[in-house]
Amino acid sequence: MSLDHSPTGSLVVYGDDIEEAMSPNRSVAAVAVKDGDASVYKIIHGFLKQKNNSIINVAASVARKAASNKLSRKTSDVFDTLIQQQQSRLGNKTGPLLSGISYCIASCSMILLNKVVLSSYNFNAGISLMLYQNLISVVILVVLEFFAVISTEELTWKLIKVWIPVNLIFVGMLVTGMYSLKYINVAMVTILKNMTNILTAIGEIYVFRKCQNKQVWAALCMMIISAVSGGMTDLSFHLIGYTWQILNCFLTAAYSLTLRRLMDTAKQSTKSGSLNEVSMVLLNNALSIPFAVILIIVFNEWEYVYQTEVIREPMFWFFATASGLLGLAISFSSVWFLQETGPTTYSLVGSLNKIPISVAGVLLFNVPVSVENLFSIVFGLFAGIFFAKAKMSKS
């Protein structure tokens, strides 16, 4: 799922002068050059400046063999250290990029696939879809843990009692998000989700006594203007959809605030005294299953699912299963992205990520858009970016 609870950067500087980066070994390198190994050292130095990992290995091997009679052990160690450090830098450079791309692809695809399942296939059972997606996540996590790929905390009754309030809000957040996406176009959903930031900021004042700076409040005011103008100019305005989305904003903000408040209590309720992100994903998805079953029975949704013809279409199950897999992919990619960068970069990329989602939503689903509505959407996207930058400057 596309959730807002992931917030809990490394900057890599690449210099052109490898000797400055290797200052502890500068004297050794100078000795190597002085001793007549200058040609070999220059070869390695040149390839390092090109930052080509495969060429570095080949050049190092050839240079060692060519100068095997002249190179001292000390000089060879210098080359090994240079190569290892450059390879490490190449890894640090690609990590944030790959994790960021993975997160963006997973989150964009998740929203669009849910829109396809709920709207294009006219599937009126959002709770059942949520149940199916969460069930997929639980099965995959259990299998991964069985093969020792991941490790999670044991689900004790003490931990479950602490987590139930968080999970109830989590279920409500997913359900309202499903139904709002069914009635509202993707672009307006992303803009209205900005209202969550406003509610969260207000909640932080009363719950955590945390004040916001003027830039943050200015960005929040811009979000309000964008949401109101967007609703007034929305050619496909749907009152039920907007009602679901407003409820979703309240529940998303409540989820974020409740999660932060109960986090320490939850950690104390575990046997190890800690609670990693994978454990939280498993806990949320596993506990949501019984609540989802109860809601399906109460709202008589099971009868609709049993009778509807759409569940007999293979492509429907393909999209539903893909959305479930992407829900889990978002959880892992967001954690990976946070580890590679930081909360500020994560927040900014999350705001920028709304732009391709909005554009794709308008183009793929043939949404009627007026000039006024398009302006409000662009203004809302800009407000989201401004909000993220304001939070970054505060931190």
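As the structure is a computational prediction, the values presented were derived from the model and not from experiment.
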Enquirer: Are Asn114 and Leu129 close enough that some pair of their side-chain heavy atoms sits under 4.5 Å apart?
Expert: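 Yes, side chains in contact.
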
Enquirer: Roughly how far, to the nearest 0.5 Å, is NE2 of His238 from CD1 of Ile184?
Expert: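 It comes to 9.0 Å.
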
Enquirer: Give a yes or no on whether the ring-centroid distance for Trp163 and Phe170 is below 6.0 angstrom.
Expert: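 That pair fails the under 6.0 Å test.
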
Enquirer: Distance alone, cut at 3.5 Å: any donor-acceptor contact between the side chains of Ser288 and Asn134?
Expert: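 Ser288 vs Asn134: donor-acceptor pair found between side chains.
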
Enquirer: Mark yes or no for whether Thr190, through its side chain, and Ala187, through its backbone, hold a donor-acceptor pair below 3.5 Å.
Expert: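 A pair under 3.5 Å: yes.
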
Enquirer: Might you work through the side-chain hydrogen bond (donor to acceptor under 3.5 Å, both in side chains) test for Glu372 and Ser229, ending with a clear yes or no?
Expert: CA-CA 8 Å; Glu372 296 83 0; Ser229 60; over 6 Å; no

Enquirer: Would you say the side-chain atoms of Ser279 pair up with the backbone N or O of Leu275, donor to acceptor, closer than 3.5 Å?
Expert: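 Answer holds: no.
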
Enquirer: So do the side chains of Asn167 and Leu283 get within less than 4.5 Å of each other, counting heavy atoms only?
Expert: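 No - every pair of side-chain heavy atoms lies 4.5 Å or more apart.
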
Enquirer: Going by an N to O cut-off under 4.0 Å, is there a salt bridge joining Glu154 and Lys271?
Expert: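 Here Glu154 pairs with Lys271 in a salt bridge, since their nearest N and O are under 4.0 Å apart.
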
Enquirer: Does a side-chain heavy-atom distance below 4.5 Å link Met263 with Gln268?
Expert: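 Counting from C-beta outward, Met263 and Gln268 never come under 4.5 Å.
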
Enquirer: Looking at Lys115 and Val186, would you say the former's side chain and the latter's main chain have a donor-acceptor pair under 3.5 Å?
Expert: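 Not a single qualifying donor-acceptor pair exists.
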
Enquirer: Could you tell me which non-hydrogen atom of Leu192 sits nearest to which non-hydrogen atom of Ala227, and how far apart they are?
Expert: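 Looks like CD2-CB, 4.0 Å.
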
Enquirer: With a 4.5 Å cut-off on side-chain heavy atoms, are Trp317 and Glu313 touching?
Expert: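 No, side chains not in contact.
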
Enquirer: Looking at Glu301 and Ser128, would you say the former's side chain and the latter's main chain have a donor-acceptor pair under 3.5 Å?
Expert: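 Such a contact is found between Glu301 side chain and Ser128 backbone.
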
Enquirer: Evaluate the side-chain proximity of Thr321 to Tyr132: yes if any heavy-atom separation is below 4.5 Å, no if none is.
Expert: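 The answer is yes, as the side chains (C-beta and beyond) meet within the 4.5 Å cut-off.
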
Enquirer: Nearest 0.5 Å, what's the CG-CG distance between Leu328 and Leu282?
Expert: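 Leu328 atom CG to Leu282 atom CG measures 10.0 Å (nearest 0.5 Å).
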
Enquirer: Between Trp244 and Gly177 (side chain of the first, backbone of the second, donor and acceptor by atom type, cut-off under 3.5 Å), is there such a pair?
Expert: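 Checking the backbone N and O of Gly177 against the side chain of Trp244, no donor-acceptor pair under 3.5 Å is found.
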
Enquirer: Would you call Met110 and Ser323 a side-chain contact if the rule is heavy atoms closer than 4.5 Å?
Expert: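 Contact flag for Met110/Ser323 side chains = yes.
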
Enquirer: Look only at the side chain of Thr196 and the backbone of Lys193, and say whether a donor-acceptor pair between them is shorter than 3.5 Å.
Expert: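 It does hold such a pair.
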
Enquirer: OG of Ser256 to CE of Met173: how many Å apart, nearest 0.5 Å?
Expert: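 Between atom OG of Ser256 and atom CE of Met173 there are 9.5 Å.
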
Enquirer: Is the shortest side-chain heavy-atom distance between Arg260 and Thr200 below 4.5 Å?
Expert: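 Arg260 vs Thr200: side chains touch.
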
Enquirer: Quick check for you: to the nearest 0.5 Å, what is the distance between Leu259 atom CG and Leu262 atom CG?
Expert: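 Separation between the atoms: 8.0 Å.
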
Enquirer: So, Ser376 side chain and Asn373 main chain: donor-acceptor pair closer than 3.5 Å or not?
Expert: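 Checking the backbone N and O of Asn373 against the side chain of Ser376, a donor-acceptor pair under 3.5 Å is found.
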
Enquirer: Could you state the interatomic distance from CD1 (Ile202) to CG (Asn197), rounded to the nearest 0.5 Å?
Expert: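 Answer for the CD1-CG pair, Ile202 versus Asn197, is 11.0 Å.
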
Enquirer: Roughly how far apart are Leu325 CG and Ile136 CD1, rounded to 0.5 Å?
Expert: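 These two atoms lie 5.5 Å from each other.
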
Enquirer: Parallel, tilted or perpendicular: which one describes the rings of Tyr304 and Phe123, with boundaries at 30° and 60°?
Expert: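 Judged by the thresholds at 30° and 60°, the geometry between Tyr304 and Phe123 is tilted.
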
Enquirer: Verify side-chain hydrogen bond (donor to acceptor under 3.5 Å, both in side chains) between Tyr179 and Asn124, making sure each step is shown before the conclusion.
Expert: CA-CA 8 Å; Tyr179 282 110; Asn124 297 316; over 6 Å; no

Enquirer: Quick one: do Asn122 and Lys182 satisfy side-chain hydrogen bond (donor to acceptor under 3.5 Å, both in side chains)? Show the steps, please.
Expert: CA-CA 8 Å; Asn122 198 27; Lys182 174 176 174 57; 3.1 Å; yes

Enquirer: How about Leu287 and Val171: do any of their side-chain heavy atoms sit closer than 4.5 Å?
Expert: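 The answer is no, as the side chains (C-beta and beyond) never meet within the 4.5 Å cut-off.
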
Enquirer: Hey, what's the ring geometry for Phe382 with Phe379, parallel, tilted or perpendicular (30° and 60° as the breaks)?
Expert: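 Tilted.
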
Enquirer: Main chain of Lys267, side chain of Thr270: is a donor-acceptor contact present, judged purely on distance under 3.5 Å?
Expert: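 The answer is yes, because a donor-acceptor pair under 3.5 Å joins these two groups.
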
Enquirer: Check whether Thr252 reaches the backbone of Cys249 with its side chain - one donor and one acceptor, N or O, closer than 3.5 Å.
Expert: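 Not confirmed, Thr252 side chain does not pair with Cys249 backbone.
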
